[in-house]
Amino acid sequence: MKKLSLFFSICFLYTCTISAQQPFDKKLVLKQMILANDYFMQKWPETGKTIITNKERPSNIWTRGVYYEGLMALHEIFPKEAYYDYAYSWSEFHKWGFNGGNTTRNADNYCGCSNLY
């Protein structure tokens with residue numbers, strides 16, 4: 001067991017050393033961010049529509065809030081009117097409020113539209 005643990009520790013340190021020495025390509029990262037976001041916006045063009053995966057969920061759940069926080073960060077480094085309009089549409093649809101209103105006791109509901117601006 002100790003040999004296995006030592007092996008994984010060495011692999012981890014080796015990986016960290018290699019990764020730390022290689023700078024990332026900012027243009028490539030931006031290109032990948034744009035590609036991922038374009039996919040998302042095309043897959044869910046209606047910002048207020050419910051999300052259906054293994055069950056139906058409202059569009060203002062915390063995971064969607066996290067996406068829009070990221071979208072605004074992308075908009076900050078790569079301004080594109082469509083990004084702003086998409087986020088604004090989502091916020092307007094949900095009346096700039098939280099999922100369940102401002103009296104909800106579920107912390108997941110507090111990553112909402114009002115956090116964007």
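Scope of the values below: all heavy atoms of this structure, side chains included, with no hydrogens, waters or symmetry mates. Keep in mind it's a predicted model, so treat the numbers as computed, not measured.
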Nearest heavy-atom approach of K80 to H75 is O-CD2, 3.2 Å
Please confirm whether the backbone N or O of A87 pairs with a side-chain atom of S91, one donor and one acceptor, at under 3.5 Å? yes
L35: partners by side-chain contact (heavy atoms from CB on, under 4.5 Å), with sequence neighbours left out: none
May I ask whether W96 and Y84 are part of the same hydrophobic cluster, defined by side-chain heavy atoms of I, L, V, M, F, W, Y residues being less than 4.5 angstrom apart, directly or through others? yes
Transitively linked via ILVMFWY side-chain contacts under 4.5 Å: W44 with F93? no
Donor-acceptor pair, side chain of T47 and main chain of Y86, under 3.5 angstrom: no
How would you list, by chain and number, every residue that makes a side-chain contact (heavy atoms from CB on, under 4.5 Å) with E56, sequence neighbours excluded? T50, I52
For Y83 and M72 the tightest heavy-atom approach is O-CE, 3.8 Å
Passes side chain to side chain contact (heavy atoms under 4.5 Å, CB included), R64 versus W90? Steps please. CA-CA 10 Å; R64 191 59 74 95; W90 179 71; 3.7 Å; yes
If a pair satisfies side-chain hydrogen bond (donor to acceptor under 3.5 Å, both in side chains) and one of its residues is in residues 25-40, list it, with sequence neighbours excluded. N37-Y67
Linking I/L/V/M/F/W/Y whenever their side-chain heavy atoms sit closer than 4.5 Å, directly or via other members, would I77 and V29 fall into one cluster? yes
Heavy atoms of G48 and H94 approach each other most closely as CA-NE2, 4.4 Å
